[in-house]
Amino acid sequence: MTSTPPLVRSIACALFLASAAIAAAQTSQNGGIDYGTARRDRRMQAAPAQGAIALDGRLDEPSWAGAPVAKDFVQNDPREGEPATFDTEVKLLYDDRALYIGVFARDPEPGQIIVNELRKDFNTGSGDGFQVVIDTFHDERNGYQFAINPMGAKWDSQMSNEGRDQNANWDGIWDVATRIAEDGWHAEIEIPFKTLKFGPEAMQTWGINFQRRLRRRNENSYWSPLRRIHQLSRVSMAGTVEGLQGLKPGSNVRVKPYALANFNKLAGRAVDQDYDGGFDVKYGVTSGLTWDFTVNTDFSQVEADEQQVNLTRFSLFFPEKRDFFLENSGVFQFGAGNTGGGGGANGGRQNASQDMIFFFSRQIGLSPSGDAIPLLAGSRITGRVGGWSVGALNIQQREKDLSPSTNFTALRLRRDILANSDVGVMLLNKDPKGADHNRAFGADANFRFFRDLTLNFAAARSATPAARVPGKGDDWYSKSSFGYRGAVLETRGMFQTIGARFNDEMGFVPRTGVDNAEGYFGLHLRPKRFQGWLRETFPHFQIENFTKRNGAGLESRYMDWHWPITLQNSSFIEIGTNPNVEVIDDRFAINSRRGIFVEPGRYEFKEHFILANSNSAAPFSMNLRFGTGDFYEGYRRNYTVGGTFRMNEHLNLSLSDQINDIDLRSGSFVTHLVTGRVNYYFSTKVFVNALVQYNTDTNQWSSNVRLDIIHRPLSDIYLVYNERHDSRSGALISRAVIAKMTYLLAF
């Protein structure tokens, strides 16, 4: 095993000492609020409804008049600890079927309310809105989030580990009605108890908090106050709702059949017609545990992946989008997740390496190129039992082309310990028919201390017959990391090892046979002198160092020196430089279509960049990036030009072009990746989304158009059109028309 390089040890030591010193000296800029006391004072009683509640956004039923009121919201951004510019009043009622939330968001200028979307799962940061988080087990870790905007659009999420695992693709059965009036906007939200999981106690006490977003002032305010560095998912700082009596989750059985018609044409072939069907079943085994079963699963309605241009020697990462794998996915997260970040979230860092993911569900039912492989059936049990989080998944994948029939299993067990920490184990098994199995198993521990310090540890081992993974090296993986985020200081560090024979075929492992050390240090500065226009400036530094575990020395080093500036309206500017070192042992194709290669050798190169994003809530916004510098033994210029036009809440248009102009010893080339979107929202239940992409690297035009009609809760009619063309000849590569209908039966 190679030792950690002196440079990395020195940087890690300096970062740790600096973080300890600043953390000790740092004072809270909180407007004089004692957050612990404020949280204890934020308690309310839920009143039983005395009659039916009609969802019309008027709050005129007699029950509302006598319901307790949650008010006196407090800002956490931009002026932490100060009262909200316009207060919000929230009332709670319940009956034997549902929880009702009544909202009055005061606003003396209702004509200035910003609403940019009506779609389901809208962008909660692009306009005015209201959110609630509900911690039904009152464990100060997990919960449900529901968000609305003043026009009745809905967003929901299933959250665990106080937002460290956030599943925004979870869909619950709930409803809302809104109304804009002369003094603000009103909402009535209905959340059936069968949508939620909670304990068996006759008298329930839940954690709860509310957030109001006033977009034209870029202001967030909360009922139970939060520090600026925290979000609504910080349920350990939520208030409390008491007095919920006699709640029954119901039988919680859902059956969701689907019917499908697929017409597919490939170049030079006749139209292939396919009619199919299947179903999903969801059953609440206990009040906290859910069993899912799926037969002949189909994901044809899922939006196409956004294309990427690969200028590295490693596999690209594409996120999971399929609902079955996304629901309760937080249970299966192993370790602390990716430690990367910083300016990369805004486009400044384009050399970030993707962290290893121990369980990556895209390995099931999808080929490496993203083509669907049919699934025969699957079963999953997820949820909580006492202080335990439980996950068990088994999927049988059908045979297709070169992919044999394969069974996939994932088992996860995690135990809550201390105030907000956990330890767990995980087992993965891939068993292809007629081939050797692949297994991986591991344990992890995640700790949070002093509110803002996290420590994470993970270790895993793979088990695969030697014939499958030839060569030398061990089959272990380990990772240790820490992170601290205060009002000013943000720092983190990580060290991980990945053995040369570590073979996790149900995960995403870009590199093997390496040690990886990372350090990060940044300061969130808000100088009062410029607060009229400046929200925050955030200078930060990051280094990632990859060394070969066979003692052969450095493999890669990435460094960032970035200085972003965020304005009060959310406009964003960032400048920086990205020094890189790459040691190439084997020749690799950086553009195989054009026959351009990078030869073995040591390369040191540096990119300088500037980027700017304008106010995303404005009717027209732009994102621009320009980078230039050495690239391997040559030169690279890259440009991104994009714009979004929001005519109103019904129509959004966006267009971007990502350009790479590269000159290397083996050849020169230019790539364009053009992405266009058209979104039209007829209402909160009928949408049309179009995604058009042009990629010169693959010489293809592709289009994906989806009509989605929500004809009843969580029941959809989809009409999908997909097409691909050769951009040089215009010849058709493939065309598909898909009609799909789902119908949810909930008991």
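Here the structure is a predicted model, which is why all the values come from computation and not from measurement. We're numbering straight along the sequence, starting at 1.
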Practice problem: Using only heavy-atom distances, determine whether the side chains of Asn407 and Asp431 contain a donor-acceptor pair under 3.5 Å. | Solution: no
Quiz item: Pairs in or reaching into residues 293-303: which pass salt bridge (charged side-chain N to carboxylate O under 4.0 Å, His left out), with residues at least two apart or in two chains?
Solution: Asp298-Lys740, Glu303-Lys321, Glu303-Arg677
Quiz item: Is the shortest distance from a Lys or Arg side-chain nitrogen in Asp171 or Lys120 to a carboxylate oxygen in the other one below 4.0 Å?
Solution: yes
Quiz prompt | salt_bridge(Asp128, Arg215) N-O dist < 4.0 Å | solution = no
Quiz prompt | Polar contact flag, side-chain donor to acceptor under 3.5 angstrom, Asn429-Arg439 | solution = yes
Self-check item: Heavy-atom side-chain contact between Val133 and Ser233 under 4.5 Å
Solution: no
Quiz item: Between Tyr258 and Asp276, is any side-chain donor less than 3.5 angstrom from a side-chain acceptor?
Solution: no
Practice problem: Compare all side-chain heavy atoms of Phe210 with those of Val103 and state whether any distance is below 4.5 angstrom. | Solution: no
Quiz item: With under 30° as parallel and over 60° as perpendicular, where do the rings of Phe317 and Phe508 fit, or are they tilted in between?
Solution: perpendicular
Practice problem: Mark yes or no for whether Glu117, through its side chain, and Asn123, through its backbone, hold a donor-acceptor pair below 3.5 Å. | Solution: yes
Practice problem: Check step by step if salt bridge (charged side-chain N to carboxylate O under 4.0 Å, His left out) holds for Asp280 and Arg380. | Solution: CA-CA 11 Å; Asp280 298 337; Arg380 175 183 59 195; over 6 Å; no
Quiz item: Would you call Asp416-Arg384 a salt bridge at under 4.0 Å N-O?
Solution: yes
Self-check item: Backbone of Lys197 reached by a side-chain donor or acceptor of Tyr144 within 3.5 Å
Solution: yes
Quiz item: Do NZ/NE/NH1/NH2 and the carboxylate oxygens of Arg706 and Asp716 come within less than 4.0 Å?
Solution: no
Exercise. Quickly, which of Glu723, Gln307, Arg724 forms a side-chain hydrogen bond (donor to acceptor under 3.5 Å, both in side chains) with Ser702? Name it, please.
Key: Gln307
Quiz item: From His437 NE2 over to Thr406 OG1, what is the distance, rounded to the nearest 0.5 angstrom?
Solution: 14.0 Å
Quiz item: Less than 6.0 Å separating the ring centroids of Tyr743 and His711?
Solution: yes
